[in-house]
Every structure is written in C-alpha cells, then in structure tokens.
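Heads up: the structure comes next, in structure tokens.
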Amino acid sequence: MLGACAADAPRRAHPDLVLLDSVIVVDTGPEPIAPPTALAVTTQGVAYLADRRAGTVLVVDRGGAVVQRLGRRGRGPAEWAQGPGTMRLEGDSALIVNDGPRAVRLALPSGEVTHTRTSPGGLSVLRAVGDGRVWYDAVREDRRTVLATAIGWSDTLRGAGPFPAHLVGRQALQLMFATMAILPWRGDSVVLAMEGVDSLFVWPAEGGPGRTVALPAVARRGAKLDLLLGLNADDPASFASVVYQPSQPFAVGQVGASDTVVVLHYDLAQVEHRMTAQLFVSLVDVASGRACVDAVVPVPLDPLPAASFAGGILAVATQEDDDAGRVHTIVRRYAVRGTDCAWR
C-alpha cells in the first residue's frame, strides 16, 4: 500500500531546493559590508563576495568570518578601478574577476595576481572561464558581436565565431545590451542562455550548426522579446522598459559530469528607485531536451541577491534586517534536485 501511494504521489512542477547551511558573515572592518554585487563559492564552502563600494573581494570562511580582503581601489595590478564586478571560479584554484575592461586571475587561496588581460578598446565582456580559456562577448572589426576566447591569457581573441543565425542581427545583441550566460561544454562547444529567448543554445564556439533546447517560462516572467526588439540606439526611451522589467539569465552551470545544466534567472523590477530581483532556478537535460523549471529561491528580493552555481551547489548572498533593525549579510547554500520533478 505504501509503495502504491509513493508511486502515485504527484511530482513537483519545479526543482527541489534543499537548504544545506546558512551563514551570517561576521566582519570587523571599519565600514559595513555593502550589498554584494557578485558571489563565488568553492567546493569547500569558502565564499568570495564582491564589495564594489569598498573596492575589494571579501573572503569568508565556512563559519562566516571574513578572513581576507583581495584588492582595493586603484589602478595597480592587484587593485580595482571599476570593480570588482562579475567573478568566475576556475575550479578551486583560481578566481577570475572582471574589473571594467580587465579580467584579472587570482591564485587561490593566496589571492596573488597571476594574469591580467585588458580587452581591446574596452569592448569585450568576460562571460565564462574553463578548459584553459577565457570566454568573451566581443565586437569584431566588422562591428559584429561574436563569442571569442583568449587561450592561455593571450592578448589575441581567437575562435571568434558568430552567434547562432537566429540571434545575429538583433540590435540588443549588437549593442551588447542583452544579458547572457555561457557554459563551456564538451569539446569546443558552449551552452548559452540569452535574455529575450526562452531557449538554450548548444553550438560550436567557432561557428557552425548548433541546436536549440527549449527552456519554458512557467513562474518567471520569460523572454519579453518584444521589448528587446524595440531597442533603438537613437531612442534612449526605448531602453527604459527593458531596464526596469527584464527576465535575465545570469549563470549556467553543469551538474557533475551529467548532461544536466542549472540555469539561474533574475526577474528584475524597479521599486521606489531600487532594483529588486526574484531568483529562479531551472534544470535542463541538454541531451534529451527536457526541462524542470522555475523553482523560486526563498530569499528577500531587496536588495538584489548575488548568486552562483558550482560543484552542484547553489549559493546565494543577501542582506537582511534582523528584529533590531541591524543589517546582516547572509550566505545560503542549497542542493538543487530534480529527481521528483515533472520533467517536460
């Protein structure tokens, strides 16, 4: 009887998020921690928080203590002129930090700068790292936006293959305005999620035919392609609706060595002059094309949470008030599971 009940139990419509731990960050520095603008967490649970206001990366141990600060405001090799901005882990051995047009590689755990690369003309945006490559969204000589790589931190962008044909020509992409997330995949392929399209794209980075995997929007806002298609470089007002209510992918990560990837989306909204965000998690089986979508991450919307996915773990950093009105930075880690999901 119990077996029959279990077999007939309804499946979830979305992935299951299992809270592993929740840590309050304890910092004795002279200034309060600003809302983190980026987060990266190693497989050992060490968190790297980008505090853009202070111009540093906070290193937080498993107990919540700030044990190190990487970099400071400035223009030297180990200083941040504009950032720290987005961050990507290279395994547990290095942290890649975006600082305006620069990508800086820090060896871990020392934080020593090992490589720095400045994008030509400041037009390239760091998107992903992996397999000894740094992946950029770049502008070619013919003003076409392409996906390119720098191999071994060389000064030359290589493999500058165009985006899939049905994406090329969209003004949002050509203006480098559409948000995208890239995951280096098997061989020389990449998996890409892009704002304005409710699909994943799997294709060779150096060009050629690829394939599309549906990523349906159920709980989140979805593509709003009409807003992106209405962008006009000569009409600033056309940007307002996109800026204030987008649904943006911001990270794609692989689940172990499987064919399953995790896609993180923000549904952004402007509330009383502040940008807030609802965070969603989806699972996609790249091989079968099936998806388990739109689990809502149960964290406050304001201020904007920072999140990352690595080593099978979703990590989210938020700032929250306690009953006494004190502001705390909290890092939560979740296991993402799709075993009981109604895959579609």
Any carboxylate oxygen within less than 4.0 angstrom of a Lys/Arg side-chain nitrogen, looking at [X] and [Y]?
X: Asp198; Y: Arg221; value: no
X: Arg105; Y: Glu90; value: yes
X: Asp21; Y: Arg333; value: yes
X: Asp285; Y: Arg290; value: no
X: Glu320; Y: Arg332; value: yes

Heavy-atom closest contact (Pro84 atom, Val97 atom, distance): CB-CG1, 3.6 Å
Please check: side-chain N/O of [X] versus main-chain N/O of [Y], any donor-acceptor pairing under 3.5 Å?
X: Arg53; Y: Pro32; value: yes
X: Trp80; Y: Leu70; value: yes
X: Thr56; Y: Gly71; value: yes
X: Trp343; Y: Gly338; value: yes
X: Asp99; Y: Gln82; value: yes
X: Thr329; Y: Val25; value: no
X: Gln319; Y: Ile33; value: yes
X: Tyr48; Y: Ala38; value: no

Student check: side-chain heavy atoms of Tyr266 and Pro249 closer than 4.5 Å: no
Criterion salt bridge (charged side-chain N to carboxylate O under 4.0 Å, His left out) on Arg220 and Asp267, from CA distance to verdict: CA-CA 7 Å; Arg220 61 187 167 88; Asp267 270 8; over 6 Å; no
Enclosure of Arg69 CZ (heavy-atom neighbours >12, cutoff 6.0 Å): yes
CZ/Arg72: more than 12 non-hydrogen atoms of other groups inside 6.0 Å: no
Is [Y] reachable from [X] through a run of I, L, V, M, F, W or Y residues, each pair having side-chain heavy atoms under 4.5 Å apart?
X: Leu283; Y: Leu19; result: yes
X: Phe250; Y: Val281; result: yes
X: Val104; Y: Leu89; result: yes
X: Leu49; Y: Leu108; result: no
X: Leu39; Y: Leu314; result: no

We want to know whether [X] and [Y] form a side-chain donor-acceptor pair, criterion being a heavy-atom distance below 3.5 angstrom.
X: Thr42; Y: Gln44; result: no
X: Thr43; Y: Asp92; result: yes
X: Thr37; Y: Arg52; result: no

